[in-house]
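Working notes, beginning with the structure itself.
Numbering of ligands and ligand atoms starts at 1, following listing order. Hydrogens, waters and symmetry mates are skipped; everything else that's a heavy atom, side chains included, is used. Residue numbers start at 1 and run along the sequence shown.
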Amino acid sequence: MKENLLGLDADGLARFFEALGEKPFRARQVLRWIHQLGESDFAAMSDLSRALRDKLAQSACVQAPQLVGDTPAEDGTRKWLVKVDGANAVESVFIPETGRATLCVSSQAGCVLDCSFCATGKQGFNRNLTTAEIIGQLWVANRELGNPSRAQRIISNVVFMGMGEPMLNLDNVIPALRLMLDDNAYGLSRRRVTVSTSGVVPGMDRLRDECPVALAVSLHAANDRLRDELVPINRKYPLRELAAACNRYLEKAPRDFVTFEYVMLEGVNDSEAHAREAAALAKRVRCKYNLIPFNPFGQSGYRRSSPERIRRFAEILQRAGITVTTRKTRGDDIAAACGQLAGEVADRTRRSRSLPLKEVRP
Ligand code: SAH
Ligand code: SF4
């Protein structure tokens, strides 16, 4: 089978060219063609010899996942449905704002973790995305936006807040992150690439050691009893361990805070007492809070907190000296808002077989 060069980071490409008996600097040239210029045809890579181009055409390919849906929202948000195989499609969301534009990418087809308020969790889990499928979302987005070449690009930030739990697929997420950061590829700064986790502690430690980028943690409750219910992985890694992992991460993080995401669920986690618990946690971990008004879907059984409740919750945190932002809901008319992504996930039974914790280094 041909090697898909889209999914190889600088080291992977260097190994590939070495195995072909070529000089290592070829890797850098090809990296630039693919990721800086958006080129997928070896024949067009004009600074490679004809012989090498022919050799590449025989042994390799640059294969991006196929775009099968493009839904624009009224506010400029766009949701892309990206087919990754015959049975699975994942979603990426493009969110333009003044002064920046963010791409929200998926890391898995489905998710095993089953948080009670999340549409992706309700879909079950099929499989991890490959590095090519993860970086391919950014590659395809740049192409669709009509600016495949880096000089004209508008995507300035990437967040791993689409489908899946990135910390359970680090073998593929880390090379994709390296490509995002690589100056010969996308050249984004570590502060502009954010990985969001529901709190998979061993994954947080591995990311810290191998490729620290900005970190968001989906907190949603600052007491174990409630968090056990909302975010079931809390039963395995309770708040005390999660807070310690955040502090270890901060030693290497490109930003000096962790972002705690907190979905506002009416009558569930949005009281003044909950806000005071959240404020107490901030005394132990340097953090900012990002309040996310719950985005309803199907039969979730939850309702969004009222603006007044959200305002009051934010005020309690602010009075305690904590920076708080309330996320503006984007793209909810096209089910592209946080937690509404469902894509098309085949074989939804796979979640029950095993938690794929082997993806995480022990
Ligand atoms: N698995 C990772 C990243 C994907 S989810 C994680 O959980 O962090 C991205 C964010 O959307 C998380 O903070 C998640 O808790 C939140 N979210 C999930 N469902 C939501 C919903 N229905 N409304 C609002 N936010 C939701
Ligand atoms: Fe998975 Fe994140 Fe959804 Fe939880 S919130 S089910 S970890 S995608």
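- For ligand 1, the atoms sitting less than 4.0 Å from at least one non-hydrogen atom of I292 are 24 (C), 25 (N), numbered in the order shown with element in parentheses.
- Atoms of ligand 1 lying under 4.0 Å from at least one heavy atom of V263, given by number and element, are 23 (N), 24 (C), 25 (N).
- Excluding waters, the protein N/O/S atoms found under 2.8 Å from atom 4 (Fe) of ligand 2 are C115 SG.
- Close approach of ligand 2 to G164 (heavy-atom distance below 4.0 Å) involves ligand atoms 8 (S).
- In summary, the side chains of E277 and N223 do present a donor paired with an acceptor at a separation below 3.5 Å, with no hydrogens or angles considered.
- Under 4.0 angstrom from ligand 1, the non-hydrogen atoms of E165 come from both its backbone and its side chain.
- Test E91, Q137, E133 against V105 for side-chain contact (heavy atoms from CB on, under 4.5 Å) and you get one pass: Q137.
- Interface of F294 with ligand 1, defined as ligand atoms under 4.0 Å from a residue heavy atom, comprises 21 (C), 22 (N), 23 (N).
- Between the side chains of S107 and E165, no donor N or O sits under 3.5 Å from an acceptor N or O.
- Near G162, with a cut-off below 4.0 Å to any heavy atom, the atoms of ligand 1 are 4 (C).
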Open item on the list: Please determine whether side chain to side chain contact (heavy atoms under 4.5 Å, CB included) holds for the pair N295 and R304, giving the CA-CA distance in whole Å, both sets of side-chain angles, and the decisive distance to 0.1 Å.
Closed with: CA-CA 7 Å; N295 293 307; R304 177 183 293 180; 3.0 Å; yes

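- Between the side chain of S106 and the backbone N or O of M163 there is at least one donor-acceptor pair closer than 3.5 Å.
- Here atom 2 (C) of ligand 1 lies nearest to S196 when heavy atoms of G199, S196, A216 are compared.
- A salt bridge between E266 and R309 is absent, with no side-chain N of the basic residue lying under 4.0 Å from a carboxylate O of the acidic one.
- At most 12 heavy atoms of other shown residues, nucleotides or ligands fall within 6.0 angstrom of atom CD in E18.
- Within the 4.0 Å heavy-atom criterion, the part of H220 lying near ligand 1 is the side chain and not the backbone.
- The distance from ligand 1 to the heavy atoms of F117 drops below 4.0 Å at these ligand atoms: 15 (O), 17 (N), 18 (C), 19 (N), 20 (C), 21 (C), 22 (N).
- There is a path of hydrophobic side-chain contacts, each under 4.5 Å, that joins Y289 to L226.
- Residue-level proximity to ligand 1 for N295 is carried by backbone and side chain together, each with a heavy atom below 4.0 angstrom.
- Taking a cut-off of under 4.0 Å to the non-hydrogen atoms of T197, the atoms of ligand 1 that pass are 6 (C), 8 (O).
- Salt-bridge formation is not detected for the pair D182/R28: no Lys NZ or Arg NE/NH1/NH2 atom is positioned less than 4.0 Å from an Asp or Glu carboxylate oxygen.
- Looking at D85 and R127, a side-chain N of the basic residue comes within less than 4.0 Å of a carboxylate O on the acidic one, giving a salt bridge.
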Under 3.5 Å, sequence neighbours excluded: what are the donor-acceptor pairs made by side chains of residues 313-323?
{"residue": "E315", "atom": "OE1", "partner": "R312", "partner atom": "NH1", "Å": "2.5"}
{"residue": "E315", "atom": "OE2", "partner": "R311", "partner atom": "NH1", "Å": "3.2"}

Open item on the list: Before you tell me yes or no, could you show the steps for N172 and T130 under side-chain hydrogen bond (donor to acceptor under 3.5 Å, both in side chains), namely the whole-Å CA-CA distance, both residues' side-chain angles and the distance that decides it to 0.1 Å?
Closed with: CA-CA 6 Å; N172 296 313; T130 63; over 6 Å; no

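- If you number the atoms of ligand 1 from 1 as listed, the ones under 4.0 Å from a heavy atom of E261 come out as 10 (C), 12 (C), 13 (O).
- Atom NZ of K23 has 12 or fewer neighbouring heavy atoms from other residues, nucleotides or ligands inside a 6.0 Å radius.
- Interface of G164 with ligand 1, defined as ligand atoms under 4.0 Å from a residue heavy atom, comprises 1 (N), 2 (C), 3 (C), 4 (C).
- The shortest heavy-atom distance from F160 to ligand 1 is under 4.0 Å.
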